[in-house]
Asker: 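Here it is: the structure, laid out below.
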Amino acid sequence: FLVAQLVLSEAMAPQVQIFFGSQSGTAECFSEELCEEASEQGIEAEVLDLQDFTVEGFVSCPLTVLVVSTYGEGEPTDNAISFHKWAMDPRNDGALKGRRFCVMGLGDMNYARFNNMGVEIDSSLERLGATRIYKRGVGDDSQDIAEDFKKWKEGGLWPALKAAIAQVESEGGFKVQTKVDVNADSVVVAATDAELPKSGATEASDVLARFYFEAAQAEVKMVRQLRQTPDPQGGLSTVEVELEATGSLLGYSLGGTMSLLPENDPDDVAAMLPILGLNEGDLNKSITFTAKGAKAEGSSVRMRQPFPTPCKLGVALARYCDLSRVPPKKMLVALQARLPDIMAGERIGRLLANEEAMKMLHAAPLCCRMHEFFKMVGVKQIDLFDFLTNCPRQKPREFTLASSPAATPGRLTMCVSLTSHELPDMGDALQQLCKLGIVADPAAAAKALGGRGRFFGMCSAWLNTRLKIGQKVLAKQRNSALHLPEKDVPVIMVGAGAGVAPFRGFWEDLRRLPRNAPAALFFGCRHPEKDWLYKDEMAGAVKLPASGCAALQKMQVGNKRPLAGLYTAFSRPESGEGQYVQDQIRKQGPSVKHWMEKMEGSIFICGSTAMGNAVLDALAEVLEGGRETVDDLRKKDRIVAEMWG
């Protein structure tokens, strides 16, 4: 087995506690970055997970920085729920008197309650008696959230912290805290699980690792193609995936959000094997982590590890390591000094010293994969333990459920479209990297990276082309803002492509509810005979006389039809001018206006950000009061938009 240094230490007195509230790992990553930079500034800092929040522990911190993400429609992340509840409780006012703080909030401008957690925590800590030492930061994930974070740091954070530290020291200083952390310090590889050493109690080492430990293992019950004329190789495919509702997935919610852990492309796994000194036969071997301070069974010391073990090495590489992107700065810093090839380490050092080059390589359009990067910079060997513990963790992907718990309580379904586009030429980027002395063999790199073909999204490609019935996947479910209103009011649903997913669950629920108010679906796709998802099911749900859709007049429909209206828009029909769902919103403007203004209806939008914003613009034209009315209705949850991309 391979061994790295054990982390088992008595902590020095931290001057700054950096707490994070994170769902996907971004806030955690920024917090760790802050901690590293604090050390460079001569500040003793530690990073703390709000999952471990206790009132006594938090109140005892004289100086805190909070990096908090907003999840969904203004909600706290899973690990910050308890902290948020305490901070928002007015009965705790004054609890933080004499304490100092600052907040960096992360969010997405496309949501109505943008950066809500940052706003609420910033104001709540002040209400609780703490003193704000620095302005609240605002990070927008729909733009350049890393640049927002950088500007916040460089705008005066460090002088503010140093001044606050001096004040705390003048008032009595910081209390020394004894802290023992036991991280995994080695990985053991064996032919079978039985040959592995037994380990004591373990726990997740970070937010993403916690998902791996807590998620349910759900069996795939069905995978079916929803398009009439799919072309997966050309990037055109949409599948319905049905999972067994088991364990924590039982009792799932209508319109809920499913978090699903994807698997890497087998080609990406195979390409990493030589660099890790492995072959295909090794993928079936079993692995586990060990730590010197946590070997004894029954020991109260827990070992922190990046994913659950024992597991197969192939599972670790396919499921828990993100091989689809360039290694992040944190990984490169950790690996640089440990690479056997000194020249490769120097090339990585030159890359780390050039911020623009790092930014260029990590740019989404470039789509450079991990094995492509390592070959380009000439890294031929990486220690397995170093790789497994420093590789970016695989992030779960989120999908809105397409099933109704009332109709199918034992099954959950998702609707997933394949993400694909032509890969850009890397010639210009490669030329710049060559000039900086980062590329090991320019000719070989140009040959390897030339004519790369199409990009396929890791998760969507896995679900659309490789997922098989009977497989087990890691999944978690949580409520979302997409749910039917409690009152019997008009329900207007707007979805394009796979964005129709939650509304399939809606109309199945509406079949079973004694409602009189109308429900209407606005649906868009490219062509009525190529990619009309759930076409037959829509036919069985719509009341034909009010459908507004001549194509459905020829279809046979069932007796229970909850949709009073179906308004379709095809952007690339065989003949005639293409239309989008926002065009139909304008066309049906009088009805939409009546349902919203006279009958207090609700509008639900699901799909791409471009589509969602176009629909919001159309609603601003239709409704009295324009954009101001739309924004107000979003704050009141009468217009709910779930957008992505």
Asker: Under the side-chain hydrogen bond (donor to acceptor under 3.5 Å, both in side chains) definition, can you give me all pairs with a residue in residues 306-316, not counting sequence neighbours?
Answerer: S286-K312, T288-T309, Q305-T309

Asker: Return the set of residues passing salt bridge (charged side-chain N to carboxylate O under 4.0 Å, His left out) with D268 (not counting sequence neighbours), or none when no residue passes.
Answerer: R369

Asker: Mind checking side-chain contact (heavy atoms from CB on, under 4.5 Å) for E242 and listing every partner two or more places apart, or none if nothing turns up?
Answerer: K221, M222, R411, T413

Asker: Counting N and O atoms only, with roles assigned by atom type, does the side chain of N115 sit under 3.5 Å from a partner on the main chain of G105, one being a donor and the other an acceptor?
Answerer: yes

Asker: Side chains of C368 and R325, heavy atoms from C-beta outward: is any pair under 4.5 Å?
Answerer: no

Asker: Just jot down the side-chain contact (heavy atoms from CB on, under 4.5 Å) partners of L283, sequence neighbours excluded, or say none.
Answerer: V269, L273, L317

Asker: For E37, give me all partners under salt bridge (charged side-chain N to carboxylate O under 4.0 Å, His left out), at least two apart in sequence or on another chain.
Answerer: K153

Asker: Please list, chain by chain and in numerical order, all residues satisfying side chain to side chain donor-acceptor pair (under 3.5 Å) with N479, sequence neighbours excluded.
Answerer: S253

Asker: Run the ring-ring contact (aromatic ring centres under 6.0 Å, His included) test against Y111 and tell me which residues pass, sequence neighbours left out.
Answerer: none

Asker: Is the side chain of N264 donor-acceptor paired with the backbone N or O of L323 at a distance under 3.5 Å, no angle test?
Answerer: yes

Asker: Counting only N and O atoms by type, is there a donor-acceptor contact under 3.5 Å from the side chain of R113 to the main-chain atoms of G74?
Answerer: no

Asker: Could you go step by step and tell me if Q23 and V207 meet the side-chain contact (heavy atoms from CB on, under 4.5 Å) rule?
Answerer: CA-CA 7 Å; Q23 194 73 21; V207 167; 6.0 Å; no

Asker: Report yes if the side chains of E203 and M303 come closer than 4.5 Å at any heavy-atom pair, otherwise no.
Answerer: no

Asker: Please enumerate all residues that pass side-chain contact (heavy atoms from CB on, under 4.5 Å) together with M109, with sequence neighbours excluded.
Answerer: F114, D140, S142

Asker: Could you go through residues 468-476 and list every donor-acceptor pair under 3.5 Å that involves a side-chain atom there, pairing it with any protein atom two or more places apart or in another chain?
Answerer:
from, atom 1, to, atom 2, distance (Å)
Q471, OE1, K468, N, 2.7
K476, NZ, E214, OE1, 3.0

Asker: Show your reasoning for whether side-chain contact (heavy atoms from CB on, under 4.5 Å) applies to E46 and I18.
Answerer: CA-CA 6 Å; E46 66 176 344; I18 305 170; over 6 Å; no

Asker: Do the two ring centres, one from Y134 and one from F101, sit under 6.0 Å apart?
Answerer: no

Asker: Please examine the side chains of P266 and R466, heavy atoms only from C-beta on, and report whether any two atoms are closer than 4.5 Å.
Answerer: yes

Asker: Hey, are T290 and S186 close enough side-chain-wise for a donor-acceptor pair under 3.5 Å?
Answerer: yes

Asker: Carefully, step by step, assess V241 and L412 under the rule side-chain contact (heavy atoms from CB on, under 4.5 Å).
Answerer: CA-CA 8 Å; V241 177; L412 309 94; over 6 Å; no

Asker: Answer yes if the side chains of T257 and Y71 hold a donor-acceptor pair under 3.5 Å, and no otherwise.
Answerer: no

Asker: Does D322 use its side chain to pair, donor to acceptor, with the backbone of P392 at less than 3.5 Å?
Answerer: no

Asker: Would you call the rings of F83 and F58 parallel, tilted or perpendicular, where under 30° means parallel and over 60° means perpendicular?
Answerer: tilted

Asker: Going from CG on L34 to CD on Q41, what distance comes out if it is rounded to the nearest 0.5 angstrom?
Answerer: 11.0 Å

Asker: Are the aromatic rings of F289 and F307 close, with centres under 6.0 Å apart?
Answerer: yes

Asker: Could you tell me which non-hydrogen atom of L261 sits nearest to which non-hydrogen atom of K395, and how far apart they are?
Answerer: CD1-C, 4.1 Å

Asker: State yes or no: are the ring centers of Y320 and Y212 separated by less than 6.0 Å?
Answerer: yes

Asker: Holding to side-chain contact (heavy atoms from CB on, under 4.5 Å), I want the full list of residues that pass it with P310, two or more places apart in sequence or in another chain.
Answerer: D193, L196

Asker: Check the pair R100 / I133 against side-chain contact (heavy atoms from CB on, under 4.5 Å), numbers first and verdict last.
Answerer: CA-CA 6 Å; R100 296 166 175 84; I133 65 162; 3.6 Å; yes

Asker: List for me each residue that meets salt bridge (charged side-chain N to carboxylate O under 4.0 Å, His left out) alongside D282, sequence neighbours excluded, and say none if there are none.
Answerer: K285

Asker: Dump the intermediate steps for salt bridge (charged side-chain N to carboxylate O under 4.0 Å, His left out) on R478 and D78, then the final yes or no.
Answerer: CA-CA 10 Å; R478 63 173 288 168; D78 288 346; 2.5 Å; yes

Asker: Hey, are E28 and S31 close enough side-chain-wise for a donor-acceptor pair under 3.5 Å?
Answerer: no

Asker: Among all residues two or more places apart in sequence or in another chain, which pass the salt bridge (charged side-chain N to carboxylate O under 4.0 Å, His left out) test with E73?
Answerer: none

